[in-house]
There are 2 protein chains.
Amino acid sequence: MTHQVLIAGQWRDSNSTGTFQADDPKAAVAIPEDYPVSSWDECEAALDAATEAFSQLRCLDRESIANFLENYADRIEARSAEICELASRETALPVEPRLALVELPRTTGQLRQAAAAARSQSWCQPVIDSNANIRSCYAAIGPVAVFGPNNFPLAFNGISGGDFAAAIAAGNPVIAKANSMHPGTTRLLAEEAQAAAEATGMPAGTVQLIYRLAHQDGERLAGDPRLASIGYTGSRNAGLKLKAAADAVGKPIYLELSSINPVVILSGALDERSEEIVDQLKTSCLLGTGQFCTSPGIIILPQTETGDAFVSSFCEKFAAAPVGTLLSKSGQNGLAASIAKLKQSGAEQLCGASEGEGNYGGEGYCVPNTVLKVSGEHFLANPESLQSEAFGNSTMIVSVASTEQAAAVVAALEGNLTGCIYSATDGSDDLAYDKIAAQLRLRVGRLLNDQMPTGVVLSPAMNHGGPFPATGHPGFTAVGIPGAIIRFSMLQCFDNVRPHRLPEVLRDENPGGVWRMVDGDWTTAEIGKPAAV
Amino acid sequence: MTHQVLIAGQWRDSNSTGTFQADDPKAAVAIPEDYPVSSWDECEAALDAATEAFSQLRCLDRESIANFLENYADRIEARSAEICELASRETALPVEPRLALVELPRTTGQLRQAAAAARSQSWCQPVIDSNANIRSCYAAIGPVAVFGPNNFPLAFNGISGGDFAAAIAAGNPVIAKANSMHPGTTRLLAEEAQAAAEATGMPAGTVQLIYRLAHQDGERLAGDPRLASIGYTGSRNAGLKLKAAADAVGKPIYLELSSINPVVILSGALDERSEEIVDQLKTSCLLGTGQFCTSPGIIILPQTETGDAFVSSFCEKFAAAPVGTLLSKSGQNGLAASIAKLKQSGAEQLCGASEGEGNYGGEGYCVPNTVLKVSGEHFLANPESLQSEAFGNSTMIVSVASTEQAAAVVAALEGNLTGCIYSATDGSDDLAYDKIAAQLRLRVGRLLNDQMPTGVVLSPAMNHGGPFPATGHPGFTAVGIPGAIIRFSMLQCFDNVRPHRLPEVLRDENPGGVWRMVDGDWTTAEIGKPAAV
């Protein structure tokens with residue numbers, strides 16, 4: 001029996017062109033559950049249902065959307081054990097602490113933050129010019145397709161993750177495309193999403209799920225006029241194809257592609273607290289077996305005695321750490337191929353698999369914890385291939401001869417989500433910091449000091465974004481509210497529009513106390529009345 | 001003698017591949033001044049100079065940028081007579097009132113508003129999470145290329161217009177590409193821009209000017225990694241080529257392409273004030289000989305006696321109005337071709353040129369004031385070709401059989417900058433309004449009531465933008481500060497970054513009283529201290 005898709009508010013047999021199965025990465029065998037590859041006809045049905053749902057959502061009060069998101073979060077919690085168990089089976093991520101204690105609470109937290117934003121409507125950023133009677137705000141854009149990645153089966157899932165929560169909070173219906181690595185997890189989540197939608201009176205088609213599509217159908221979906229926007233997190237190749245299809249018709253697409261997250265360790269910091277940083281780096285690089293979008297993939301440090309000592313200690317601890325199971329066979333193959341490519345480009349392997357070694361020592365799909373090393377000079381001779389992403393439990397040291405060379409290495413990097421500099425607390429690294437940070441700042445969305453990048457706090461000040469190819473536009477974040485919501489909106493201006501026809505957030509009255517920019521100042525007051533103190 | 005280009009702070013002979021001349025549209029003859037077509041080598045030089053200028057601009061205090069913009073505005077005013085005279089010769093737009101009394105003051109006003117924003121830095125929208133110590137703001141993105149349109153030689157000029165002011169205010173150098181229709185005007189402005197840059201100590205290469213490029217060099221420029229972003233206002237074809245080049249490398253490009261600015265007139269409004277609306281529509285359609293991006297190109301009104309009377313009166317007045325000179329010969333040819341295409345698609349010509357008529361009756365390049373008409377039914381049978389833009393003194397009536405048909409016509413429209421609905425003041429049109437506005441709202445950046453769209457007020461609440469193909473992204477405005485500035489920025493997050501390394505706007509102190517979102521509330525206070533009342 002092939003599992004059903006969720007279209008137009010109903011679980012129905014798929015009009016499929018084939019089926020697929022997910023793997024159990026620890027056992028390295030397929031899980032015997034069949035999921036459908038949807039046909040274009042099914043996309044048509046989903047697009048039509050989303051169009052209809054959007055026309056209804058636009059008339060719905062914001063409270064309903066908030067209730068839906070909260071009801072859904074409650075249901076995920078109520079079914080937590082089953083969801084985490086299946087997610088663990090499909091991804092090899094441990095139930096505890098990772099899935100049950102970290103990722104699931106993050107997921108429900110995101111949904112509840114999105115609910116609060118939908119309720120308050122302050123994400124709309126109302127701007128009012130009371131003299132000219134021109135008023136504007138962000139508003140729902142229309143049906144959104146969300147493609148989730150393989151590495152966060154809950155918090156970035158197409159039907160429960162950050163993009164989903166943001167798109168719904170803005171008032172858009174979502175067509176979720178499950179990640180093919182964890183269709184079962186996605187199905188359980190979708191069941192709760194649909195139950196919550198029904199319980200809270202959401203239009204049929206507010207949430208829809210398909211599991212897999214032929215590539216050309218994915219591109220056709222991305223370019224279809226019924227679809228207003230796209231959120232995609234995943235591989236660079238597939239993402240760029242969707243981007244091309246969306247760009248061709250001027251449709252906003254928000255991508256999270258590859259990132260190697262440079263970490264620069266300055267000599268004063270090494271003198272001061274080398275072992276502390278070794279431990280932080282090891283932990284960060286191996287979180288989720290290195291399969292974090294913010295995992296440090298390139299470590300830039302000085303070619304000095306302390307630098308060499310750092311590298312030795314790091315390799316020793318890294319090699320000795322338990323080898324985690326990777327998310328999939330293709331992940332294993334991809335990581336091995338990336339490591340091979342880096343070695344072909346001249347990187348030296350300090351620890352990792354021996355040539356021809358067959359058994360990697362871990363359970364299921366895995367690659368030994370791998371550290372590569374290259375000189376700054378060599379990196380600069382071949383920056384393009386030496387910064388290709390090796391997604392997993394691998395990282396590369398770039399050993400630099402000078403601050404200038406460190407800055408040059410950073411200047412040769414593409415856009416990344418994060419960049420980090422460790423420096424001495426006594427200020428002795430500050431000149432070097434300034435030179436390197438000047439280059440790093442422009443190439444990353446989030447600049448860190450003295451802290452590894454793998455923690456992505458849910459904060460309005462977070463930027464989980466960055467210049468291409470980390471994302472498709474350096475002005476937007478995928479994590480943090482209201483920023484994440486604004487992506488799935490359009491700017492709507494109302495010029496001389498009669499008061500009763502304005503959206504609530506743009507009227508003179510402001511019963512919800514929404515923060516609004518009125519005549520140049522931010523205020524929660526009504527127009528023409530001072531704010532209550 | 002061929003005029004020089006402005007590269008790296010110097011007027012220099014162009015490394016050109018050829019020359020061109022502008023036309024005097026009223027005399028319909030070339031103006032005997034030669035301007036160069038720059039080679040790719042010249043683009044290389046400009047890109048390198050812009051890169052160097054950007055590295056210096058990043059270290060410059062914000063006050064200097066504000067001073068530059070203000071000094072430049074002063075200089076434009078001091079040379080107003082000469083600038084407006086040449087602009088009038090190159091575009092046929094009248095010196096008074098249009099250029100000297102409206103467009104030039106708008107231009108200097110934009111520069112001064114941008115200066116104020118650069119000084120206050122509140123456009124950066126700082127967001128601070130004081131508990132997590134995560135802080136973010138928008139910041140300069142890097143060198144920006146600005147391509148200006150032909151229809152606003154001052155206020156949208158690549159070296160003095162809204163995109164220029166916004167890009168500079170954000171802290172970016174600008175490579176301006178003159179519009180080939182008014183190179184002389186652009187040269188005079190660039191002379192003042194460079195003089196202002198020197199007078200206020202701006203880095204060489206902050207403002208640069210080239211006049212013309214081969215198409216393939218324009219696309220190469222758009223895709224070059226030294227260029228961070230692009231602002232383009234102009235024809236759809238050329239804009240889409242630049243967009244494809246920029247999209248391919250994930251670079252933000254902001255486009256303003258075509259827009260036909262639907263105006264819907266409901267029956268109650270016709271009963272109430274038909275002649276008043278006729279006069280407003282006539283004036284709006286003929287402003288600048290209809291060469292406004294917000295000019296009403298499609299007028300939707302009921303197939304009724306009052307509707308027919310409106311059309312008769314409108315045609316009579318429209319045909320009797322003076323025929324303006326168009327900006328260029330290509331503008332004349334383009335308008336005539338667009339009218340012919342609309343007629344081939346089934347539109348009836350109510351007034352305009354007779355078949356085979358040679359002399360259009362106006363001065364220089366011109367086309368008679370033209371009104372076309374088509375039924376709603378016919379429009380819906382062929383919506384694609386019947387909504388092609390006819391840029392100039394032409395408009396088209398769509399005569400609809402019902403409110404439902406009006407809504408269907410609106411639903412068949414592509415994205416536009418503006419959309420307008422005239423309705424009765426007594427509420428009798430409100431049901432029809434709701435049906436039509438539901439469709440119109442999603443297809444336009446600015447929705448107006450009872451007012452023509454051609455006035456684009458400089459207001460923070462303005463949205464001069466809209467869904468594709470009006471622009472390339474429905475979340476941004478080209479007019480209005482801070483929105484216009486934010487386009488040319490990236491989102492920069494600082495996570496655990498030491499206080500002295502933070503940009504001023506993100507520090508605990510807030511001496512400038514910048515509006516910042518701190519821990520969920522907007523405030524001008526220092527972190528940890530209440531705001532002064």
Side-chain angles (χ1 to χ4, degrees), chain A residues 55 58 127-129 132 134-136 138 141-142 243-244 247-252 415 433 437-438 441-442 445-451 453 457 459-463 465 467-469 471-477 483 486 489-498 501 515 517 520-523, chain B residues 55 58 127-129 132 134-136 138 141-142 243-244 247-252 415 418 433 437-438 441-442 445-451 453 457 459-463 465 467-469 471-477 483 486 489-498 501 515 517 520-522:
Chain A
S55 72
R58 292 174 70 203
V127 178
I128 297 175
D129 179 336
I134 301 175
R135 300 162 191 240
S136 63
Y138 294 107
I141 190 169
K243 174 170 159 42
D247 285 342
V249 292
K251 179 180 302 182
Y433 179 95
R441 180 62 280 182
L442 293 175
R446 179 164 55 114
L447 176 69
L448 299 102
N449 278 187
D450 310 305
Q451 190 172 287
V457 177
S459 163
M462 176 52 65
N463 180 16
F468 186 84
T471 77
H473 192 302
F476 294 95
T477 176
I486 289 169
S489 76
M490 65 180 286
L491 183 58
Q492 293 189 346
C493 175
F494 297 80
D495 190 346
N496 197 42
V497 168
R498 301 189 193 169
R501 295 169 176 169
W515 279 106
M517 166 71 90
D521 287 315
W522 286 93
T523 175
Chain B
S55 72
R58 292 174 70 202
V127 178
I128 298 175
D129 179 335
I134 301 175
R135 300 163 191 239
S136 63
Y138 294 106
I141 191 169
K243 174 170 158 45
D247 285 341
V249 293
K251 179 181 303 182
T418 70
Y433 179 96
R441 180 62 279 184
L442 293 174
R446 178 164 55 113
L447 175 68
L448 299 101
N449 278 187
D450 311 304
Q451 191 172 284
V457 177
S459 162
M462 176 51 65
N463 180 15
F468 186 82
T471 78
H473 193 301
F476 294 95
T477 176
I486 289 169
S489 75
M490 65 180 285
L491 183 59
Q492 293 190 346
C493 175
F494 297 82
D495 189 346
N496 197 42
V497 168
R498 299 186 195 172
R501 296 169 175 169
W515 279 107
M517 167 69 92
D521 287 313
W522 285 94

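Reckoned from all heavy atoms, side chains included, excluding hydrogens, waters and symmetry mates. Each chain gets a letter, A, B and so on, in the order the sequences are listed, and its residues count up from 1. The structure displayed is predicted, hence computed values, not measured ones.
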Roughly how far, to the nearest 0.5 Å, is the [atom2] atom of [Y] from the [atom1] atom of [X]?
X	Y	atom1	atom2	result
A:Asn449	B:Phe494	CG	CZ	9.5 Å
B:Ser459	A:Ile134	OG	CD1	4.5 Å
B:Arg446	A:Leu491	CZ	CG	12.0 Å

Just so I understand: if I count every heavy-atom pair under 4.5 Å between each of [options] and chain B, which residue has the most?
options	value
A:Thr477, A:Asp129, A:Ile141, A:Asp247	A:Asp247
A:Ala438, A:Gly472, A:Pro453, A:Gly483	A:Ala438
A:Leu447, A:Ile486, A:Ile128	A:Leu447
A:Gln451, A:Arg58, A:Lys243	A:Arg58
A:Met490, A:Gln492, A:Met517	A:Gln492

Check whether [X] gets within reach of chain B through its side chain, its backbone, both or neither, counting any heavy atom under 4.5 Å.
X	answer
A:Tyr138	side chain
A:Pro467	side chain
A:Lys251	neither
A:Pro469	neither
A:Arg441	both

**OP:** Can you sort out the partners of B:Thr471 under side chain to side chain contact (heavy atoms under 4.5 Å, CB included), two or more places apart, ordered by chain and number?
**Re:**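 Once residues adjacent in sequence are excluded, the partners of B:Thr471 under the side chain to side chain contact (heavy atoms under 4.5 Å, CB included) criterion are B:Leu417.
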Highest number of heavy-atom pairs under 4.5 Å with chain A: which of [options]?
options	answer
B:Pro474, B:Gly520, B:Ser489, B:Gly142	B:Pro474
B:Val249, B:Val127, B:Leu442	B:Leu442
B:Asp495, B:Asn463, B:Thr418	B:Asp495

**OP:** Taking all non-hydrogen atoms of both residues into account, name the closest pair between A:Ala461 and B:Cys493 and its distance.
**Re:**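 Reported closest heavy-atom pair: O-SG, 3.4 Å.
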Original post:
If we only count heavy atoms from C-beta on, is the A:Arg498 to B:Asp450 side-chain gap below 4.5 Å?
Top reply: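 Yes, their side chains come closer than 4.5 Å.
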Subject >> Non-neighbouring partners of B:Phe476 that pass ring pair (Phe, Tyr, Trp, His ring centres under 6.0 Å), sequence neighbours left out >> reply: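 Applying ring pair (Phe, Tyr, Trp, His ring centres under 6.0 Å) to B:Phe476 gives A:His473, A:Phe476, B:Tyr254, B:His473.
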